[in-house]
Amino acid sequence: MKVLLPDGSDLSVAEGASAADVAESIGPRLAKAAVAAKVGGRVVDLNTPLREGEQVAIVTASSPEGLEVIRHSAAHVLAEAATNLYPGTKVAIGPAIKDGFYYDFEFPHPVGDDDLTRLNEEIHRLLGAALPFERREVSKEEALELFADEPYKLELIRDLPADAVISTYRQGEFVDLCRGPHVPHTGRIGAVGLLSVAGAYWRGKSDNTMLTRIYGTAFPSKKELDEYLERMEMAKQRDHRRLGRELDLFSFHDEGPGFPFFHPKGMRVINALLEYWRREHRAAGYEEIRTPLILERSLWERSGHWDNYKDNMYFTVIDDVDFAVKPMNCPGGTLVYKAGRHSYRDLPLRMAELGQVHRHEMSGVLHGLFRVRCFTQDDAHIFCLPEQVEDEVLGVIDLIRRMYNTFGFDRVHVELSTRPEKSIGSDEMWLTAENALKAALQRAELPYVLNPGDGAFYGPKIDFHIEDVMGRTWQCATCQLDFAMPERLDLDYVGKDDQRHRPVMLHRVVLGSIERFLGIIIEHYGGALPAWLAPVQIAVVPVADRHAPYAHEIKEALEGAGLRAEVDLRSESVSKKIRDGEVGKVPFMLVVGDREVEQRSVTLRMRGKRDTVSYALAEGLALLMTECEPPAVAQCP
RNA sequence: GCCGGUGUAGCUCAAUGGUAGAGCAGCUGAUUUGUAAUCAGCAGGUUAGGGGUUCAAGUCCCUUCACCGGCUCCA
């Protein structure tokens with residue numbers, strides 16, 4: 001019979017031949033690298049019998065599909081190792097994930113990091129044994145009997161339809177309920193490494209038992225595995241918690257878990273960031289407001305926060321009245337709106353607020369600046385007429401994209417979330433709102449993913465996910481339409497008809513949380529912030545004490561121009577000062593000695609570069625001013 | 001909140017149940033240096049807090065707190 005190859009040619013093979021035979025006849029090297037096959041677009045076991053005229057492609061371990069197959073197979077081997085070493089272990093599920101795989105177990109006793117070594121050794125023994133993976137298809141009854149001792153598998157089987165084709169895979173002594181596909185034998189998996197042990201709820205529900213999850217990864221070769229581990233080590237060096245301490249930007253203390261303390265250098269970065277933020281917002285037609293941190297309970301009851309979020313709020317009692325620390329800025333923002341009367345002519349009204357909010361996050365979720373209990377939202381509320389929504393959303397999208405580009409976040413994933421089951425407002429309102437968001441996205445020529453039913457109860461929203469240099473994604477910006485708040489807090493404007501109408505309220509953040517965004521850019525830049533954000537932009541290094549006056553003169557000239565400069569007067573060698581400047585990620589260093597004093601020049605060294613360039617003083621200062629200039633702000637349309 | 005792990009000097013780490021130590025950072029002095037670490041000296045600790053076992057606890061047990069890896073959560 002004949003089968004079709006990916007290049008369009010056909011190949012004659014024996015009746016009942018498998019993809020393994022196809023690989024063999026193409027070449028022994030391919031046969032050795034093969035881990036699975038793609039038949040008619042589906043990835044299947046290599047030994048699946050082929051039918052006449054089928055399209056066949058060999059999947060090797062280095063392809064994305066192949067990687068998934070070896071990782072999923074590695075998960076099975078981990079499960080075999082675990083049941084071998086710890087009899088009585090119950091197995092749950094073990095899928096391949098983005099960077100590897102995991103398997104969830106219920107162990108008869110606690111299993112910790114030390115056990116990873118033992119499990120790793122057992123896995124390597126099993127890989128060396130080249131155990132074949134054998135697929136078997138069984139009925140539901142048979143499956144229930146086969147996994148009688150495995151409560152988690154039984155639960156999965158019971159949820160399958162009665163006539164489902166249930167497959168099992170056996171390698172060595174271990175049989176698992178599994179859809180497949182798998183590699184032909186454990187020798188094809190390549191290199192496996194276990195990474196960490198963690199807890200995870202059965203089926204992801206916090207009411208269920210907590211299982212022990214073991215994370216690992218697999219690569220076609222030891223070399224690729226080692227490279228991966230090295231990348232992880234590099235990422236650890238970029239951890240903003242480490243860099244924040246090393247660069248003296250911020251700290252955390254036992255006296256305030258989850259509450260960051262910003263040091264002078266950290267505040268320099270934040271202030272530079274906020275200056276840029278304010279210029280962008282002014283240019284985009286926003287006014288800035290500020291509202292109190294603590295407001296009366298009644299406001300939170302009217303806004304709906306009391307009922308929905310009081311478990312995450314902080315409270316206090318003043319003169320026998322309950323107050324709450326704000327977890328969001330919007331109720332305060334609406335009070336500013338209500339302080340005046342508004343005509344349709346005044347709208348849209350764009351009110352921005354760098355609002356500090358407090359949320360009592362659960363203790364286990366805190367993580368450096370990424371998840372804190374006190375943070376600053378770069379919030380804004382836009383009050384507008386229904387027919388202005390589309391233009392306003394487009395304006396927000398433009399602002400977000402412009403600001404993200406500044407940080408090199410040019411790969412943005414956008415999600416549009418629509419009406420959830422539990423929601424308020426009329427069908428017509430939702431339809432209009434969703435269409436306005438879609439139209440704005442279309443006009444912005446932004447591709448997006450639809451998340452049906454994932455919107456807030458009060459309105460649909462657009463979320464923006466940015467991707468950093470390490471390929472991780474972060475949800476930062478969001479733009480939400482709100483029908484509820486204007487209603488609940490009785491906002492109005494006077495229309496052309498001299499009647500009172502409800503304005504539409506739009507919530508949006510661009511950076512999300514200033515604290516978290518700082519953490520993201522610290523890791524994104526590996527601590528080497530662009531010059532306009534660097535806490536110290538220029539370090540002036542006098543060669544000897546006698547050059548100090550000239551060094552000071554330069555520093556003062558730079559500071560006079562609004563730059564952040566320091567003179568390193570320590571009695572250390574030039575080399576040492578340069579080293580400290582490099583370690584401290586200072587973008588520019590000026591070494592001044594006899595030559596510079598005499599010629600009234602500066603010798604400039606740029607961060608991370610060995611070569612230096614000499615400039616006349618005025619020329620050097622002008623260059624630094626340009627280099628440290630904050631990003632340009634686009635003009636208001 | 002849940003599972004597992006870790007808490008020793010500012011940081012990175014040592015110390016069989018038996019006298020708490022090193023490097024870096026800091027301070028003092030010497031040195032006056034030309035592009036990634038000059039030398040010497042000094043100081044630095046209720047071993048996270050509390051309780052227990054023991055002749056003796058940084059080390060073993062209990063507990064509280066914080067942190068780390070995850071899970072759930074993130075309006």
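Convention: sequence-line order gives letters A, B, ...; per-chain numbering from 1.
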A.B. asks: Which helical stems does RNA chain B take part in, if a stem means at least 3 consecutive Watson-Crick or G-U pairs with both distances below 3.5 Å?
C.D. replies: B:1-7 with B:65-71, B:10-13 with B:21-24, B:26-30 with B:38-42, B:48-52 with B:60-64
A.B. asks: Atom CD of A:Glu523 and atom CG of A:Leu518: how far apart are they, to the nearest 0.5 Å?
C.D. replies: 10.5 Å
A.B. asks: Could I get the full list of ring-ring contact (aromatic ring centres under 6.0 Å, His included) partners for A:His367, not counting sequence neighbours?
C.D. replies: A:Phe370
A.B. asks: Quick one: label A:Ser196 by what it contacts on the DNA or RNA (base, sugar-phosphate, nothing), any heavy atom closer than 4.0 Å.
C.D. replies: sugar-phosphate
A.B. asks: Please work out which residues in residues 291-299 of chain A have a non-hydrogen atom less than 4.0 Å from an atom of RNA chain B and list them by number.
C.D. replies: none
A.B. asks: Within residues 535-547 of chain A, find the residues that approach RNA chain B with a heavy atom at under 4.0 Å, and present them sorted by residue number.
C.D. replies: A:Val543, A:Ala544, A:Asp545, A:Arg546
A.B. asks: Which part of the nucleic acid, if any, lies within reach of A:Met362 when heavy atoms closer than 4.0 Å are counted: base, sugar-phosphate only, or nothing?
C.D. replies: base
A.B. asks: Report which part of the nucleic acid A:Thr612 touches: base, sugar-phosphate, or nothing (heavy-atom distance under 4.0 Å, all strands).
C.D. replies: base
A.B. asks: Checking A:Arg203 now: which residues fulfil salt bridge (charged side-chain N to carboxylate O under 4.0 Å, His left out) with it, not counting sequence neighbours?
C.D. replies: A:Glu155, A:Asp159
A.B. asks: Checking A:His465 now: which residues fulfil ring-ring contact (aromatic ring centres under 6.0 Å, His included) with it, not counting sequence neighbours?
C.D. replies: none
A.B. asks: Under 4.0 angstrom, heavy atoms only, what part of the nucleic acid is A:Arg610 near: base, sugar-phosphate, or nothing?
C.D. replies: sugar-phosphate
A.B. asks: Without swapping roles, check the side chain of A:Asp482 against the backbone of A:Met485 for a donor-acceptor pair under 3.5 Å.
C.D. replies: yes
A.B. asks: Within the 4.0 Å heavy-atom criterion, would you say A:Arg595 contacts the bases, only the backbone, or no part of the nucleic acid?
C.D. replies: base
A.B. asks: Answer with base, sugar-phosphate or nothing: what part of the nucleic acid does A:His367 contact at a heavy-atom distance below 4.0 Å?
C.D. replies: sugar-phosphate
A.B. asks: Need one value for A:Glu361: base, sugar-phosphate or nothing, where a base atom within 4.0 Å counts as base even if backbone is also close, heavy atoms only.
C.D. replies: nothing
A.B. asks: Could you work out, with salt bridge (charged side-chain N to carboxylate O under 4.0 Å, His left out) as the rule, every residue matching A:Asp378, not counting sequence neighbours?
C.D. replies: none
A.B. asks: Kindly say whether the aromatic ring centers of A:Phe409 and A:His524 come within a distance under 6.0 Å.
C.D. replies: yes
A.B. asks: Under 4.0 Å between any heavy atoms, over every strand shown, what does A:Gly593 touch: base, sugar-phosphate, or nothing? Just pick one.
C.D. replies: base
A.B. asks: Taking the P atom of each, how far is B:C65 from B:G58, in whole Å?
C.D. replies: 24 Å
A.B. asks: Both A:Arg245 and A:Asp113 contact RNA chain B. Taking the nearest nucleotide for each, which residue is further toward the 5' end?
C.D. replies: A:Asp113
A.B. asks: Tell me every residue that passes salt bridge (charged side-chain N to carboxylate O under 4.0 Å, His left out) with A:Arg564, counting only those two or more places apart in sequence or in another chain.
C.D. replies: none
A.B. asks: Using the six-membered ring of A:Tyr314, assess whether NZ or CZ of A:Arg359 lies under 6.0 Å from its centre and within 45 degrees of the ring axis.
C.D. replies: no
A.B. asks: A:His240 and A:Phe250: side chain to side chain contact (heavy atoms under 4.5 Å, CB included), yes or no, with the steps?
C.D. replies: CA-CA 10 Å; A:His240 75 280; A:Phe250 56 85; 3.9 Å; yes
A.B. asks: For A:Arg516, which contact category applies under a 4.0 Å heavy-atom criterion: base, sugar-phosphate, or nothing?
C.D. replies: nothing
A.B. asks: When the C1' atoms of B:G49 and B:C67 are considered, how many whole Å apart are they?
C.D. replies: 15 Å
A.B. asks: Using the side chain to side chain donor-acceptor pair (under 3.5 Å) criterion, which residues pair with A:Arg502? Sequence neighbours excluded.
C.D. replies: A:Glu487, A:Asp490
A.B. asks: Can you tell me how far C1' in B:G21 sits from the matching atom in B:C2, rounded to whole Å?
C.D. replies: 39 Å
A.B. asks: Just to be sure I understand the rule, does A:Phe252 reach a base, reach only the sugar-phosphate, or reach nothing, if contact means heavy atoms closer than 4.0 Å?
C.D. replies: nothing
A.B. asks: May I ask you to say what A:Arg605 touches in the nucleic acid, namely base, sugar-phosphate or nothing, with a heavy-atom cut-off under 4.0 Å?
C.D. replies: base
A.B. asks: Have a look at A:Asp580 and say if it touches a base, only the backbone sugar-phosphate, or nothing, with a 4.0 Å heavy-atom cut-off.
C.D. replies: nothing
A.B. asks: Going by atom types alone, do A:His507 and A:Gln480 pair a side-chain donor with an acceptor below 3.5 Å?
C.D. replies: no
A.B. asks: How far, in whole Å, is B:G44 from B:A22 if one measures between their P atoms?
C.D. replies: 13 Å
A.B. asks: Nearest nucleotide by nearest heavy atom, which residue falls closer to the 5' end of RNA chain B, A:Gln475 or A:Arg241?
C.D. replies: A:Arg241
A.B. asks: Which residue pairs pass the ring-ring contact (aromatic ring centres under 6.0 Å, His included) test with at least one member in residues 564-587 of chain A, sequence neighbours excluded?
C.D. replies: none
A.B. asks: Contact class for A:Gly581 (heavy atom, under 4.0 Å): base, sugar-phosphate, or nothing?
C.D. replies: nothing
A.B. asks: Could you note down all residue pairs passing side-chain hydrogen bond (donor to acceptor under 3.5 Å, both in side chains) where residues 107-117 of chain A supplies at least one of them, sequence neighbours left out?
C.D. replies: A:Tyr86-A:Asp115
A.B. asks: Would A:Glu106 and A:Tyr152 count as having a side-chain donor-acceptor pair, cut-off 3.5 Å?
C.D. replies: yes
A.B. asks: Which part of the nucleic acid, if any, lies within contact of A:Glu596, taking any heavy atom under 4.0 Å across all strands shown: a base, the sugar-phosphate backbone alone, or nothing?
C.D. replies: base
A.B. asks: Of all nucleotides in RNA chain B that come within under 4.0 Å of a heavy atom of chain A, which is furthest toward the 5' end and which toward the 3' end?
C.D. replies: B:G1 to B:A75
